[in-house]
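Below is one structure, written out as structure tokens; the observations come after it.
Throughout, residue positions are numbered sequentially from 1 according to the sequence presented.
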Amino acid sequence: MCGIFGYVGKQNNASQIVLEGLKLLEYRGYDSWGIAAKIKDERLKMKDFIVEKHIGKIGNALLNSQLSTPNSQLSIGHTRWATHGGVTVKNAHPHLDCTKTIAVVHNGIVENFQELKTELIKKGHRFISETDTEIIPHLVEENLKKEGFATSVRDAFNELKGMNAIVVMNAVSNEIIAAKNGSPLVVGVGKNEFFIASDASGIVKYTRKVIFIKDNEMAILGKNIQILSLPKGKKLRINYETVNWEPEDADKGKYKHFMIKEIYDQPKVIYNIAENYGDQIENFAKIIKDARGTFFIGAGTAYYACIGGAYLFSTVANKHVNVVVASEFNYLENFLNRESLVIALSQSGETIDVVEPITRAKQKKSTVAAITNTLGSSLYRLADHKILLGAGPEKAVASTKAYTAKLSLLLFLAFSLAGRNKEGKKLLVQTDREIRRILDKKNIEKIKKLADKLCRIDHIYTLGRGLSYSTALEAALKIKEVSYIHAEGFAGGELKHGTLALISEGTPCIIFAPIDETYEAIISNAIEIKARGGFVIGISPKRARVFDYWIKINDLKQASLIAQIIPAQLLGYFIAIKKGYDPDKPRNLAKSVTVK
Ligand code: F6R
């Protein structure tokens, strides 16, 4: 939540670099944005910052101010997902101190900001926003009266309660200092220049050499770089890493939205797992075999992938795993011990609801494993064992390719546990081909037609059984979060236990009916719906008589649950487009939820 980007170096268009970087981070928050830069103008001898802030999305905004002129070498920016204080220009970041030489952008919540603000007001500081963030530049300003910039930032950060990432820019020393104990920050290391950002997507265009700042560390960026530990400020050895994302991975390319681009990325992501993950999967399977008590945890879409995984483990490998929604795990972990294995699934690797229970599990000496898409993320660093999804950056708020990548890995793992690796690999290769077929123009037209039919409805229900239960849950989430239609997914067997009461003339219901042990029973559910006037949409290899609308998915045995979700992803996308919504930035949501 909230995107941060900063630049210090030799290039003369720092504010433009920051603006471009922010655009790539907008998925993290998009209710307002702002940039501060020091304008290099010897005649003006300016020390203070120029700041530009706006409400809403960055879109194609071209800065129409002094910031648009290529004459700055020091700049930070922020794209906001509001926590403290409404969505106003005043509340947008960056925030400045009284002298306008300290600018701050922030991700997190300063829990004790009210007390700190009261103290600062007593000392004569003036505030213009309602945010918790604004106390930070004033704290630094206060500290600067008695100590240097680095110590001032460090002491200010040490006073903050809560989980925070801050980036502070000083117009006098021409430095940027970042500090964090939550929320990601990565430094890009170029030639005589440094970048700082919430993720590497805006950085890879300039450099692949990065440093992931760990919790309780700070980075000082200026003519060179130093990494210090917090709270004491001890100098640390720098650990450089290389990001292998391509700059175009972070771009929409020929597509109108990231969501549709990422839907189309799925075949190649799955193929990559099939072709290149064999050894990693075998090693991971060994860890699972050795554990006594395995738990899958995740949030939202990742949680639904956990459910799909549990069914796969049971069906393919006769292996029981427990599935818990990550935000509940802390209330349900008394039984964890040294022999337990907790496997966390998370695209971002930063979701607080996942990172927190994983931290607790580690304290209990349980083994922790991560299936994540993000190298260097908090989860990645915490985990004893890890597999990267290799899906490339996922920018649309609605997760698509990370979901199918997680399921593909779990399917491969289940087959590996059963000693049937080759079969797992073969199924994934077939899945890649089937998804390519589903994404064919003719099928897309068919799904668009259905989207046209559904765009005026208020409710939709999605049903599956067995392996398709998780598909039903994820399909409902995908549709509701981008189209704002109330969508509810449930197990087919639950229909008669309540939801049937909601079915009336024309109520659309999506039925996932693969050719497996669930087929007869789910078709019976469809017939029950039809008898109450419901409009039955079947996603299945076979056209059943009960279907009013049929979307064909070829039989992929246990891998059917991966391909089945594609029509639902597309349906959500096309309904959102039809209704005039931006599917990449659904209202009230942000990608990577790093606050509770
Ligand atoms: C829905 C969606 C969210 C995320 C959830 C967890 O489309 O994207 O439900 O799945 O916020 O995010 P990660 O996987 O980053 O932990």
Side-chain angles (χ1 to χ4, degrees), residues 259-275 277 301 304-305 307-309 311-312 315-316 389 391 398-415 423-448 450 462-479 489 510-519 522 537-544 547 549-574:
M259 186 174 175
I260 192 74
K261 174 193 180 265
E262 288 159 9
I263 289 174
Y264 274 86
D265 278 347
Q266 293 178 104
K268 82 167 183 248
V269 172
I270 295 168
Y271 185 78
N272 176 41
I273 291 171
E275 283 301 315
Y277 277 58
T301 289
Y304 297 149
I307 296 177
Y311 278 79
L312 282 168
T315 313
V316 178
L389 294 173
S399 182
T400 52
K401 62 178 175 176
Y403 177 70
T404 46
K406 283 170 198 149
L407 285 180
S408 302
L409 275 178
L410 292 170
L411 178 122
F412 210 168
L413 261 175
F415 274 95
E423 219 179 309
K425 177 177 170 173
K426 196 170 150 207
L427 268 183
L428 288 180
V429 173
Q430 284 170 5
T431 307
D432 154 36
R433 267 192 242 124
E434 175 60 6
I435 297 179
R436 282 178 206 277
R437 188 197 63 79
I438 299 167
L439 293 173
D440 177 272
K441 219 169 156 196
K442 224 169 83 198
N443 276 316
I444 293 287
E445 286 312 315
K446 198 162 179 204
I447 292 167
K448 267 190 190 165
L450 182 60
T462 56
L463 280 78
R465 285 174 176 258
L467 284 168
S468 303
Y469 170 43
S470 57
T471 317
L473 298 173
E474 172 60 5
L477 178 58
K478 233 34 0 135
I479 292 168
I510 300 180
I511 307 292
F512 293 97
I515 309 293
D516 63 12
E517 59 187 336
T518 68
Y519 187 79
I522 199 79
I537 301 150
I539 298 187
S540 174
K542 276 204 283 191
R543 183 202 290 268
F547 295 158
Y549 205 94
W550 175 48
I551 296 171
K552 184 178 177 184
I553 297 285
N554 282 316
D555 183 25
L556 292 167
K557 302 197 180 87
Q558 296 92 337
S560 296
L561 88 166
I562 306 174
Q564 267 173 180
I565 194 62
I566 312 294
Q569 295 172 342
L570 289 164
L571 202 55
Y573 175 78
F574 288 122

Q | Nearest-0.5 Å distance, CG of residue Leu312 to CZ of residue Phe412 | A | 13.5 Å

Q.
For a quick test of reading the model, state the closest non-hydrogen atom pair linking Ala475 to Ile565 and the distance between them.
A. N-CD1, 3.6 Å

Q: Determine the minimum heavy-atom distance between Asp432 and Arg436, stating which atoms define it.
A: OD1-NE, 2.8 Å

Enumerate donor-acceptor pairs with a distance under 3.5 Å from any side-chain N or O in residues 438-448 to protein atoms, sequence neighbours excluded.
residue: Asp440; atom: OD1; partner: Lys442; partner atom: N; Å: 3.0
residue: Asn443; atom: ND2; partner: Arg437; partner atom: O; Å: 3.0
residue: Lys446; atom: NZ; partner: Trp550; partner atom: O; Å: 2.5

Q) Would Ile562 and Ser408 count as a side-chain contact (heavy atoms from CB on, under 4.5 Å) if you check the C-alpha gap in whole Å, the side-chain angles of each, and the deciding distance to 0.1 Å? A) CA-CA 7 Å; Ile562 306 174; Ser408 302; 3.8 Å; yes

Q.
Holding to side chain to side chain contact (heavy atoms under 4.5 Å, CB included), I want the full list of residues that pass it with Ala472, two or more places apart in sequence or in another chain.
A. Thr462, Phe512

Q: Measure the CG-CG distance between Leu407 and Leu413 for me, rounded to the nearest 0.5 Å.
A: 12.0 Å

Q | Separation of Leu463 CG from Thr471 OG1 (nearest 0.5 Å) | A | 12.0 Å

Q. Tell me, which pairs form a salt bridge (charged side-chain N to carboxylate O under 4.0 Å, His left out) where one or both residues lie in residues 400-413, sequence neighbours left out?
A. Asp265-Lys401

Q. Taking only residues two or more places apart in sequence, or in another chain, which ones meet Lys426 in a side-chain hydrogen bond (donor to acceptor under 3.5 Å, both in side chains)?
A. none

Q: Start with the C-alpha distance between Leu450 and Ile551, add both sets of side-chain angles, then the distance that settles side-chain contact (heavy atoms from CB on, under 4.5 Å), and finish with yes or no.
A: CA-CA 10 Å; Leu450 182 60; Ile551 296 171; 3.9 Å; yes

(Q) Show the nearest heavy-atom pair for residues Ala563 and Glu434, with the distance to one decimal. (A) CB-CG, 4.2 Å

Q: Hey, could you give me each pair passing salt bridge (charged side-chain N to carboxylate O under 4.0 Å, His left out) that has a residue in residues 562-574? Not counting sequence neighbours.
A: none

Q) Could you give the distance from CG (Leu467) to CD1 (Ile307), rounded to the nearest 0.5 Å? A) 12.5 Å

**Q.** Atom pair CD1/CD1 of Ile510 and Ile537 - distance to nearest 0.5 Å
**A.** 5.0 Å

Q. With sequence neighbours left out, what residues match Ser470 under side-chain hydrogen bond (donor to acceptor under 3.5 Å, both in side chains)?
A. none

**Q.** Any residue meeting side chain to side chain contact (heavy atoms under 4.5 Å, CB included) with Glu517, in chain and number order, not counting sequence neighbours
**A.** none

**Q.** Leu570 vs Ile260, side-chain contact (heavy atoms from CB on, under 4.5 Å): CA-CA, chis, key distance, verdict
**A.** CA-CA 8 Å; Leu570 289 164; Ile260 192 74; 3.8 Å; yes

Q: For Tyr573, enumerate each residue passing the ring pair (Phe, Tyr, Trp, His ring centres under 6.0 Å) test, keeping only those at least two apart in sequence or located in another chain.
A: His257

Q: Please name the pair of heavy atoms, one in Ile553 and one in Pro567, separated by the smallest distance, quoted to 0.1 Å.
A: CD1-CG, 3.8 Å

Q) When rounded to the nearest 0.5 angstrom, what is the spacing between OG1 in Thr431 and CG in Leu411? A) 7.0 Å

Q. Is there a side-chain contact between Ser560 and Asp555, using heavy atoms and a 4.5 Å cut-off?
A. yes

Q. Which heavy atom of Val429 sits nearest a heavy atom of Ala274, and at what distance?
A. CG2-CB, 3.9 Å

Q) Mind checking what makes ring pair (Phe, Tyr, Trp, His ring centres under 6.0 Å) contact with Tyr264, not counting sequence neighbours? A) Tyr255

Q. Taking only residues two or more places apart in sequence, or in another chain, which ones meet Thr400 in a side chain to side chain contact (heavy atoms under 4.5 Å, CB included)?
A. Met259, Glu262, Ile263, Gln266, Glu394, Lys478, Gln569

**Q.** Worked verdict on Val269 versus Leu389 for side-chain contact (heavy atoms from CB on, under 4.5 Å)
**A.** CA-CA 8 Å; Val269 172; Leu389 294 173; over 6 Å; no

Q.
Hydrogens and angles aside, do Ser468 and Gln564 bring a side-chain donor and acceptor to less than 3.5 Å of each other?
A. yes

Q. Who pairs with Arg433 by side-chain hydrogen bond (donor to acceptor under 3.5 Å, both in side chains), at least two apart in sequence or on another chain?
A. none

Q.
If the condition is side chain to side chain contact (heavy atoms under 4.5 Å, CB included), which residues does Tyr519 pass it with, not counting sequence neighbours?
A. Ala513, Ile515, Ile523, Ser540, Lys542, Ala544

